[in-house]
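Notes for the one structure printed next.
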Amino acid sequence: MIPGKKIIFVLLFGLALIAGTPSSALEEYIFIGSFGTSGSGDGEFLTPIGIAVDIQGNIYVADTDNHRIQMFDGYGSFIRQWGGEGVADGGFSQPRGVAVDDSGRIYVADTGNNRVQVFAQNGSHLLSFGSYGSGEYGLLQPSGIAVDAAYIYIADTGNNRIQIFTKSGTHIRFLGGSGTSEGRFRYPSGVTVDNMGNLYVMDEINSRIQKFAPDGEYINQWTTGGYGITVSDAGDIYNVDYNARQIKKWNDTGDILAIFGSDHLRFPRGVAVRMVGQTGRTPYVYAVDTGNARIAIFAPRGNPLPPIAGFSHTRLDTTNSVPLSIQFTYTRQELVERAPLSWHWDFGDGATSDVENPRHTYTTPGLYTVSLTVENEEGRSTVTMTDLIRVTPAPELYFVPDKIISVPDKDHSFSLFLRVPEGQVPDDLSGYNLTVTVGTENPFLDLLPIVDLTFPTWAQFNDLSLLPSSTVWCRAIDLNGDSGHGTIHLLDLTIRTSTTGEYILGILDEVDGPVFEVEDKQGNLYRSVVISSEIIVKDRLPFPGGLEGDFPDQRSISPSSNSEPFIQGMHYNDLDGNGRLGFNDVVVYYRNIGPIRDGDHGRILHYDYDANGYIGFNDVVILNGWVG
């Protein structure tokens with residue numbers, strides 16, 4: 001399909017009757033699609049007139065007032081174009097007729113230049129013949145053209161005759177001449193040849209189709225208005241009645257078989273037919289809908305048709321960040337005749353699906369191309385949308401610091417931040433609603449309490465649940481846009497390391513309740529990636545030793561002095577763990593007075609020998625006295 005253009009599918013059909021023809025005797029054709037629009041770009045038309053289809057199903061259109069030929073695949077996707085206004089080889093002046101032979105050569109009635117040009121399928125020029133005049137090689141406003149295995153047939157419109165040439169451009173003979181009698185013409189606009197070599201001529205001003213034998217002998221005629229004409233492989237004749245805005249189908253003796261298209265066509269001029277499908281051999285009728293600057297496609301109702309791939313997609317998340325869920329929907333279900341029997345999706349990230357309307361979640365940032373292939377007994381069709389899905393990194397909720405190693409009864413401060421990848425929203429934070437928790441893998445263990453939580457100055461209408469608690473719900477709103485961009489400071493909290501163990505500080509994602517929410521001022525919700533912090537609480541840390549490493553666990557030993565306030569089992573004084581009190585214990589205490597004061601070696605009360613609630617030099621003096 002041409003990028004940016006729409007193929008429209010409906011179930012309507014046009015029907016007009018010739019007097020005396022019962023409607024029940026006519027075949028019913030349905031409009032199954034179109035491609036093209038008015039313009040001069042690729043896939044656009046300006047007064048298109050002629051059309052032809054090759055054995056591969058490629059479509060060639062004489063884009064008359066753009067002075068060019070355009071080539072499309074069987075579904076209307078633009079392939080190439082060539083020409084341009086001019087008189088040199090390869091240039092055109094309002095070409096009206098186009099035909100293609102089994103070898104892929106394209107023959108163009110270059111109307112304004114009074115000649116025929118022949119091209120290879122890639123658009124390269126091969127041959128030109130004919131010139132203005134009425135002699136053997138003379139042409140005057142040639143309009144229609146047809147070709148078979150041996151000859152080229154030209155509707156030499158201005159000369160009121162049919163000219164016949166070899167495919168190398170040698171003149172053979174001509175038929176007709178001006179007049180109204182059998183075998184004569186008045187402005188013949190179209191010509192076609194069947195598999196037996198019989199010629200059918202659209203005799204426009206005489207409002208009739210005339211049939212001739214391969215040797216040029218007149219056979220019969222029947223009345224109809226029209227311009228373009230073609231014959232199918234089955235021997236049926238189709239002509240365009242542009243005043244009635246219809247396509248008419250006849251058998252080779254002139255019996256009307258179908259009339260259709262009036263609801264969809266405006267002054268059509270050209271027509272081509274191709275048999276499609278693997279089993280049904282369904283005729284596709286391509287009409288040059290000149291007044292609408294497009295190609296309209298029709299087929300008999302009830303005939304099986306190959307499917308057409310097409311799909312839409314709907315983002316199920318409010319952002320493009322991972323994880324991004326997309327609902328894909330097959331969109332070409334209008335006609336029962338071309339219903340698919342299978343679907344195959346390729347989502348571009350290595351995942352596939354055979355479901356008609358799948359839902360897919362992208363978990364890795366990137367740019368993804370999506371394709372759909374549909375198939376039924378008549379054939380298959382694939383549509384690919386390049387770089388369709390853009391998946392961006394998710395915003396991150398993270399704590400600073402990301403890890404601490406502590407001992408019981410210490411308070412530690414953490415800050416929570418939202419980091420938004422560059423170039424992504426939220427550009428302006430509206431607010432957040434989330435639950436901070438400190439947990440372990442074992443739900444039966446005691447959890448660490450959050451003893452304090454404070455909000456930054458930008459946070460207004462802030463609120464939080466009761467403290468202390470291992471799980472704290474909190475929310476805040478940014479009314480004035482002061483929270484900033486990129487990396488946004490959300491809150492500060494204090495955790496007390498009350499119990500030894502390994503803990504995770506994170507954001508709670510409730511399974512049965514609302515998930516955490518971060519929202520911007522455009523109303524978008526952002527599911528952020530949470531980067532948790534690790535908290536390790538050890539009973540006490542060993543005192544650093546010399547070359548042989550740390551000293552072993554500390555002990556409680558009765559000092560030589562029984563002075564209070566030493567309490568057996570409540571104070572650790574054998575700091576080097578050698579089983580006795582000595583001067584080295586005093587040295588170890590003195591060198592580690594700061595870490596002891598910070599609680600790095602356990603509860604402070606274990607080393608607070610004077611029971612004043614403070615680790616100081618007096619404790620060193622007391623320990624030294626115990627050694628004595």
Side-chain angles (χ1 to χ4, degrees), residues 1-9 31-37 39-45 48-63 66 68-83 98-108 119-124 230 232-233 270-278 280-289 292-299 303-311 330-332 334-335 337-338 340 344 346 369-376 378-386 388:
M1 179 176 174
I2 305 169
K5 309 298 184 290
K6 296 181 178 178
I7 290 183
I8 304 170
F9 295 90
F31 174 63
I32 62 171
S34 67
F35 62 90
T37 188
S40 57
D42 291 345
E44 298 176 341
F45 303 114
I49 291 181
I51 189 169
V53 183
D54 67 19
I55 59 176
Q56 286 84 31
N58 298 307
I59 302 167
Y60 304 83
V61 180
D63 188 7
N66 279 323
R68 64 183 180 181
I69 301 298
Q70 294 201 68
M71 178 182 177
F72 304 85
D73 70 15
Y75 298 102
S77 296
F78 174 82
I79 297 177
R80 67 176 61 94
Q81 59 94 5
W82 66 88
V98 60
V100 58
D101 65 17
D102 289 348
S103 68
R105 289 188 174 190
I106 298 98
Y107 302 79
V108 181
F119 299 88
Q121 193 176 63
N122 63 6
S124 60
T230 192
S232 72
D233 290 344
V271 63
V273 178
R274 178 175 72 97
M275 292 296 187
V276 300
Q278 299 174 4
R281 299 295 296 164
T282 299
Y284 266 31
V285 179
Y286 301 88
V288 182
D289 189 5
N292 288 318
R294 66 177 185 173
I295 305 302
I297 309 171
F298 301 86
N303 282 37
L305 303 172
I308 291 183
F311 66 89
Y330 172 65
T331 58
R332 296 292 178 81
E334 296 88 347
L335 297 177
E337 287 87 348
R338 67 189 332 153
H344 180 76
D346 186 332
T369 294
V370 180
S371 67
L372 168 64
T373 298
V374 292
E375 187 170 4
N376 63 17
E378 292 302 305
R380 69 171 60 187
S381 172
T382 298
V383 61
T384 299
M385 296 192 183
T386 303
L388 177 67

Flag, side chain of [X] to backbone of [Y], donor-acceptor distance under 3.5 Å:
| X | Y | answer |
| --- | --- | --- |
| Thr282 | Pro304 | yes |
| Arg68 | Ser40 | yes |
| Asp73 | Phe78 | no |
| Ser34 | Ile295 | no |

What are the two closest non-hydrogen atoms of [X] and [Y], and how far apart are they?
| X | Y | value |
| --- | --- | --- |
| Arg80 | Gln121 | NH1-O, 2.9 Å |
| Phe72 | Gly43 | CE2-CA, 3.7 Å |
| Thr386 | Thr369 | CA-OG1, 3.5 Å |
| Leu372 | Gly310 | CD2-O, 3.8 Å |
| Leu388 | Phe311 | CD2-CE1, 3.7 Å |
| Pro340 | Pro307 | CG-CB, 4.1 Å |

Check step by step if side-chain hydrogen bond (donor to acceptor under 3.5 Å, both in side chains) holds for Asn66 and Glu44.
CA-CA 9 Å; Asn66 279 323; Glu44 298 176 341; over 6 Å; no
So [Y] and [X], do their side chains get closer than 4.5 Å, heavy atoms only?
| X | Y | result |
| --- | --- | --- |
| Ser232 | Tyr284 | no |
| Arg338 | Ile308 | yes |
| Asp63 | Ile69 | no |
| Val108 | Phe119 | yes |

Test side chain to side chain contact (heavy atoms under 4.5 Å, CB included) on Tyr286 and Val53; report intermediate values, then the result.
CA-CA 9 Å; Tyr286 301 88; Val53 183; 3.9 Å; yes
Under the side chain to side chain contact (heavy atoms under 4.5 Å, CB included) criterion, do Ile297 and Phe31 qualify, and how do the steps go?
CA-CA 6 Å; Ile297 309 171; Phe31 174 63; 5.7 Å; no
Check side chain to side chain donor-acceptor pair (under 3.5 Å) between Asp101 and all other residues, then give those that pass, not counting sequence neighbours.
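In terms of side chain to side chain donor-acceptor pair (under 3.5 Å), with neighbours along the sequence ignored, Asp101 is linked to Ser103, Tyr107, Lys167.
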Say you draw a straight line from CD of Gln70 to CG of Asp42; how long is it, rounded to the nearest 0.5 Å?
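Rounded to the nearest 0.5 Å, the CD-CG separation comes to 6.5 Å.
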Between CH2 on residue Trp82 and CD1 on residue Ile106, distance to nearest 0.5 Å
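If I round to the nearest 0.5 Å, the distance is 4.0 Å.
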Thr37 and Arg294: side chain to side chain contact (heavy atoms under 4.5 Å, CB included), yes or no, with the steps?
CA-CA 5 Å; Thr37 188; Arg294 66 177 185 173; over 6 Å; no
Under the side chain to side chain contact (heavy atoms under 4.5 Å, CB included) criterion, do Ile59 and Phe35 qualify, and how do the steps go?
CA-CA 11 Å; Ile59 302 167; Phe35 62 90; 4.0 Å; yes
